**Q** 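Questions regarding the structure given below will be posed in turn.
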Number of protein chains: 2
Amino acid sequence: MSESPVSHEPPIYRRIADGLRARILSGELRDGDRLPGENALMAEHAIARATARQALAVLINEGLAVPKRGSGVYVRLFKPIRRHGSRRLSREQWGQGRAIWDADTRGRPFTVDRVEVVLERATEEVADVLESGEVWVRRRRYSVDSRPVQLATSYFPAHLVQGSAITLADTGPGGVYARLGDLGLPPAHFTEEVRARMPGPRESGLLDLPGGTPVIVIARTAYTSGGLPVELNEMVLDSAAYVLQYDFDA
Amino acid sequence: MSESPVSHEPPIYRRIADGLRARILSGELRDGDRLPGENALMAEHAIARATARQALAVLINEGLAVPKRGSGVYVRLFKPIRRHGSRRLSREQWGQGRAIWDADTRGRPFTVDRVEVVLERATEEVADVLESGEVWVRRRRYSVDSRPVQLATSYFPAHLVQGSAITLADTGPGGVYARLGDLGLPPAHFTEEVRARMPGPRESGLLDLPGGTPVIVIARTAYTSGGLPVELNEMVLDSAAYVLQYDFDA
DNA sequence: AAGTGGTCTAGACCACTCA
DNA sequence: GAGTGGTCTAGACCACTTA
């Protein structure tokens, strides 16, 4: 029960990380600037290699820095794409033959790759939402400025879209929503569920995410005016690349 | 230029992490279960302490596990609160003297603490949005099941709310939106901007976040029917505690 | 070729939890 | 008091980047 007047100072690696963070947030170190590396920190603070690494790991895990093998650790910025919820899905957008995504990138060039269109048995969750045991699944990856920013997987009830262009790689002008319209099933109502978490190794690889970057996961369900669910779209976004915007009335 | 038939196997710590992750995702290890600790991994795989720690750090940084000092590393679940965007702010909610938050917790008890109400000079960003140089600032922390889940900071143009209960700790029945109504400034339109990132040390402390937990940051601006901005609310949510839901029409 | 981060070993002492 | 995770040292070899 001895009184120990220990000052409860944070550990060395934390104090070093705090110092570097302050220099980043104050603007002294700007986006893309090189941070002092492991060797520099070892010399400057007279610490061991592992301790210097630990300090840098703090900033990397906070998403404020990104390591480049063989080169150094660099300050990292937040330059997001603005993604509109309510507004971007307005009928004017897709009713006139334009893809939804256009509204997202605001003129920045984007590309789609790794497109895969297959017929599958629905998982329990998907079957519950779409009220269908068999689904057409469209998987693809979106990139902006040749940087991957989003993975998307769309599910459609097989019996509704069988034979339409939705089952093909190229869905034609206006995308899948225009095709749903052709089928007499235009989406009228949307529900988006949004959460955030750290990526798994697969997502991390496909989106080329540095450590410390969470993903935003959006599950969007599209319903016809009659309340029939016609699409479930699961999107995984690089959180460093996006800001979501939702507008609504009281 | 020698051809090296190296199999590019992932490093030891990654393979161990992959194995543990698989056991978690398969359901073999359930929420709250104890993972093999550092000593167990060292013995089982004949590796050094640091390597075992590194393997566990992967899962901790992915948010799949949470370390308890002196006890062990435990599997961690995702049991979110559902937060409604459009629906929860409908006029019926706050027009009848109920606080907005009620709709969030679905009957689960919640508490507010660390309430702070002060008059401040607006930062540049806040001044831009609210078109006001001086603002009343309301800071508070929300907890559910005595666990902190959200930090919120609301800004009000000082000249609009001066003298109202908005400048007091207790805003009375219906909360600040009811008071804005009393002032003839009922919110009619909302914009929410949503992003996700890793928390800083301050947020990490106030929300008691384990490693590997991102935060969701929501900036909500409330406008009157005339388009006058009357509130800017910056919310920082524990991403492991929330799912956001937005409903809207095409 | 020199410097960087990535991985790993083999120790050490500490604070904390739990039976 | 035994076991746990938290911090730290002092080395080592590797792959990669940059010049």
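Letters A, B, ... mirror the listed sequences (proteins, then strands); counts begin at 1. Note that the coordinates shown come from a computational prediction; the quantities given were computed from them, not determined experimentally.
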**Q** Measuring from atom CG of A/Asp208 to atom CD of A/Glu203, what distance do you get when rounded to the nearest 0.5 angstrom?
**A** 14.0 Å
**Q** Salt-bridge test for A/Glu116 and A/Arg141: reply yes if a basic N is under 4.0 Å from a carboxylate O, no otherwise.
**A**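 Salt bridge flag = no for A/Arg141 with A/Glu116.
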**Q** Taking the basic N atoms (NZ, or NE/NH1/NH2) and the acidic carboxylate oxygens, is any pair closer than 4.0 Å for B/Glu38 and B/Arg49?
**A**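 Yes.
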**Q** Expected output is a numbered-order residue list: members of residues 59-71 of chain A with a heavy atom under 4.0 Å from any atom of DNA chain D. What is it?
**A** A/Arg69, A/Gly70, A/Ser71
**Q** Say whether, by atom type as modelled, one donor and one acceptor occur between the side chain of B/Arg34 and the main chain of B/Ser71 under 3.5 angstrom.
**A**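 Judged by distance alone, yes, a pair lies under 3.5 Å.
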**Q** Using the 3.5 Å cut-off, write out each protein N or O paired with an N or O of nucleotides 8-12 of chain D and the distance between them.
**A**
unit_1 : atom_1 : unit_2  : atom_2 : d
D/dC8  : OP1    : A/Ile12 : N      : 2.7
D/dC8  : OP2    : A/Tyr13 : N      : 3.4
D/dT9  : OP2    : A/Ala48 : N      : 2.9
D/dT9  : OP2    : A/Thr51 : OG1    : 2.5
D/dA12 : N6     : A/Arg49 : NH1    : 3.1

**Q** B/Asn39 side chain N/O closer than 4.0 Å to the phosphate oxygens (OP1, OP2) of D/dT4?
**A** yes
**Q** How long is the line joining NE2 of B/His45 and P of C/dT7, in whole Å?
**A**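 Whole-Å distance recorded here is 17 Å.
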**Q** Hey, are A/Arg21 and A/Asp18 close enough for a salt bridge, meaning a charged N less than 4.0 Å from a carboxylate O?
**A** yes
**Q** Could you tell me whether the side chain of A/Met235 reaches within less than 4.5 Å of the side chain of A/Val217, counting heavy atoms only?
**A**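 Counting from C-beta outward, A/Val217 and A/Met235 never come under 4.5 Å.
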**Q** Checking A/Tyr246 now: which residues fulfil ring-ring contact (aromatic ring centres under 6.0 Å, His included) with it, not counting sequence neighbours?
**A**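 Listed in chain order: B/Tyr246.
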**Q** Any ion pair linking B/Glu120 and B/Arg139 (charged N to carboxylate O, less than 4.0 Å)?
**A** yes
**Q** Rounding to an integer number of Å, can you tell me how far B/Leu41 CG sits from D/dG3 C1'?
**A**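 Taking atom C1' of D/dG3 as the reference, CG of B/Leu41 is at 15 Å.
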